Participant: 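The structure is given below, and queries will be raised subsequently.
As a basis for the values below, the full set of heavy atoms in this structure was taken, side chains included, without hydrogen atoms, waters or symmetry mates. All figures in this text were calculated on a predicted structure; none of them were measured in a lab. Sequence lines set the chain letters: A, B, ... in the order given, protein chains first and strands last, and positions in each chain run from 1.
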Amino acid sequence: MKIATWNINGVKARIDTVLAWLQEARPDVACLQEIKSVDEAFPCQPFEDLGYNVATHGQKGFNGVALLSKRPLEDVRRGLPGDDGDEQARYIEACVSTDRGAVRVGCLYLPNGNPLGTDKFPYKLAWMDRLRRHAALRLAEEQPFLLLGDYNVIPEPKDARNPQDWLGDALFQPESRQHFRALVNLGFTEAVRACTDAADTYTFWDYQAGAWQKNNGIRIDHVLLSPQAGDLLASCGIDKHVRAWEKPSDHVPVWVELAA
DNA sequence: ATGCCTTTGTCTCAAAGA
């Protein structure tokens with residue numbers, strides 16, 4: 001089965017682009033971030049017309065995540081555990097049954113954390129602590145589990161075309177990178193790096209200053225696989241060409257193919 | 001560089017994004 005993640009930067013503005021990509025890529029499960037829509041306003045029908053079941057966890061104006069699945073979404077859970085006072089819609093998780101067993105999928109939109117020096121950066125790090133604690137519980141279940149989405153973390157210098165440009169940015173702070181490593185080190189396989197160690201492997205190009213034309217990209221959308229999911233990994237890819245489409249998101253889809 | 005674009009809602013400006 002093919003499982004993908006994509007920060008679409010607004011479902012209202014991106015609906016035609018997302019539908020075109022779904023018809024081309026045909027993922028079995030798609031994790032969407034930054035839907036920027038409340039649940040009641042999310043356009044479920046066009047996705048259902050393509051054969052997808054839809055579950056959303058949105059809020060007004062910003063953030064918001066969604067799961068699309070050709071097979072039924074079971075045990076849908078909205079919100080990241082660990083802080084009942086957190087109002088930001090950044091996590092949704094569900095189970096999908098396959099002929100070869102169940103796969104659990106966690107779709108996340110990790111806080112950006114900029115600008116440094118505001119409460120946004122400690123919120124990012126606290127959110128990452130919560131994510132790590134939740135992931136540890138899931139790993140203890142010893143089932144195929146994928147944690148994928150927009151992590152807003154550049155893991156290594158090679159994951160940026162111009163790493164020096166990001167030294168003062170929350171995405172590339174040592175604390176952000178350390179928190180990401182701590183999550184992976186619980187026992188996940190980072191899928192893209194399991195498939196390629198190539199530089200110039202990016203998932204985001206800013207709208208500004210001709211970043212796409214200069215290939216001034218960064219790799220911040222990641223797919224983490226539990227050991228049981230990692231054993232099923234067949235291939236992975238980044239749909240870079242989508243960035244050149246009309247009305248693109250600033251992110252592109254990342255996907256894995258599992259033997260499940 | 002308080003810049004560069006793009007989206008959304010408060011809507012012709014501000015806020016957020018990365």
Participant: Using a heavy-atom cut-off of 4.0 Å across all strands, would you classify A/D165 as base, sugar-phosphate, or nothing?
Facilitator: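 Answer is nothing: A/D165 stays at 4.0 Å or more from every strand.
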Participant: Please check this pair: side chain of A/R177 against backbone of A/F172, looking for a donor-acceptor N/O pair closer than 3.5 Å.
Facilitator: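 Between the backbone of A/F172 and the side chain of A/R177 there is no qualifying donor-acceptor contact (under 3.5 Å).
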Participant: Does either side chain, that of A/E74 or that of A/S97, offer a donor lying less than 3.5 Å from an acceptor on the other one?
Facilitator: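 Present: a donor and an acceptor within the cut-off.
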Participant: For a side-chain hydrogen bond (donor to acceptor under 3.5 Å, both in side chains) with A/E93, tell me which candidate from A/H57, A/R78, A/R77, A/H134 qualifies.
Facilitator: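 By the side-chain hydrogen bond (donor to acceptor under 3.5 Å, both in side chains) criterion, A/E93 pairs with just one of A/H57, A/R78, A/R77, A/H134: A/H134.
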Participant: Map A/K12 and A/I220 onto DNA chain B by nearest heavy atom, then report which one ends up closer to the 5' terminus.
Facilitator: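 The residue whose closest nucleotide sits nearer the 5' end is A/K12.
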Participant: Which value, in whole Å, describes the distance between the C1' atoms of nucleotides B/dC4 and B/dG9?
Facilitator: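 Taking atom C1' in both B/dC4 and B/dG9, they lie 23 Å apart.
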Participant: Tell me what A/D169 touches on the nucleic acid: a base, only sugar-phosphate, or nothing, going by heavy atoms under 4.0 Å.
Facilitator: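 The answer is nothing, as A/D169 stays clear of every strand by at least 4.0 Å.
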Participant: Considering only atom P, compute the distance from B/dG17 to B/dT12 and round it to an integer number of Å.
Facilitator: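 About 23 Å, rounded to a whole number of Å.
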Participant: Between B/dT10 and B/dA15, how far apart are the two P atoms, rounded to whole Å?
Facilitator: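 Result for the P pair: 14 Å, nearest Å.
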Participant: Considering only atom P, compute the distance from B/dA14 to B/dA1 and round it to an integer number of Å.
Facilitator: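 B/dA14 and B/dA1 have their P atoms separated by 23 Å.
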Participant: Need one value for A/Y151: base, sugar-phosphate or nothing, where a base atom within 4.0 Å counts as base even if backbone is also close, heavy atoms only.
Facilitator: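 No contact at all - A/Y151 keeps every heavy atom at 4.0 Å or more from the nucleic acid.
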Participant: A/V153 and A/V252: same hydrophobic cluster, using ILVMFWY side-chain contacts below 4.5 Å?
Facilitator: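 No, A/V153 and A/V252 fall in different hydrophobic clusters.
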Participant: Only one of A/I220, A/T5, A/N9 forms a side-chain contact (heavy atoms from CB on, under 4.5 Å) with A/H251, so which one is it?
Facilitator: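 Running side-chain contact (heavy atoms from CB on, under 4.5 Å) over A/I220, A/T5, A/N9 with A/H251 returns exactly one hit, A/I220.
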Participant: Test of understanding: with side chain to side chain contact (heavy atoms under 4.5 Å, CB included), list the residues that count as partners of A/D169, not counting sequence neighbours.
Facilitator: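 Here the qualifying residues are A/N114, A/W166, A/L171.
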Participant: For nucleotides B/dC11 and B/dT6, find the distance between their P atoms and express it as a whole number of Å.
Facilitator: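 Roughly 23 Å separates the two P atoms.
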Participant: Measure from NZ or CZ of A/R90 to the centre of the six-membered ring of A/Y109, then state whether that distance is under 6.0 Å and the direction lies within 45° of the axis.
Facilitator: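 Yes, a cation-pi geometry holds between A/R90 and A/Y109.
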Participant: If you assign A/P111 and A/V11 each to the DNA chain B nucleotide with the nearest heavy atom, which residue ends up on the more 5' nucleotide?
Facilitator: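 Nearer the 5' end of the strand: A/V11.
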Participant: Answer with base, sugar-phosphate or nothing: what part of the nucleic acid does A/D150 contact at a heavy-atom distance below 4.0 Å?
Facilitator: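 Result for A/D150 = sugar-phosphate.
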Participant: Quick check for you: name the first and last nucleotides of DNA chain B, 5' to 3', having an atom under 4.0 Å from a heavy atom of chain A.
Facilitator: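 First-to-last contact on DNA chain B, by the 4.0 Å heavy-atom rule, is B/dC4 to B/dA18.
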Participant: In terms of ring plane angle, is the pair A/W21 and A/W6 parallel, tilted or perpendicular, where the classes change at 30° and 60°?
Facilitator: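 Taking A/W6 first and then A/W21, their aromatic rings stand perpendicular (interplane angle over 60°).
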Participant: When you measure from every atom of DNA chain B, which of residues 239-255 of chain A have a heavy atom less than 4.0 Å away?
Facilitator: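 Per residue number, the list reads A/K247, A/H251.
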Participant: So, the side chain of A/K247 versus the backbone of A/D16: is there a donor-acceptor pair under 3.5 Å, distance only?
Facilitator: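 Between the backbone of A/D16 and the side chain of A/K247 there is no qualifying donor-acceptor contact (under 3.5 Å).
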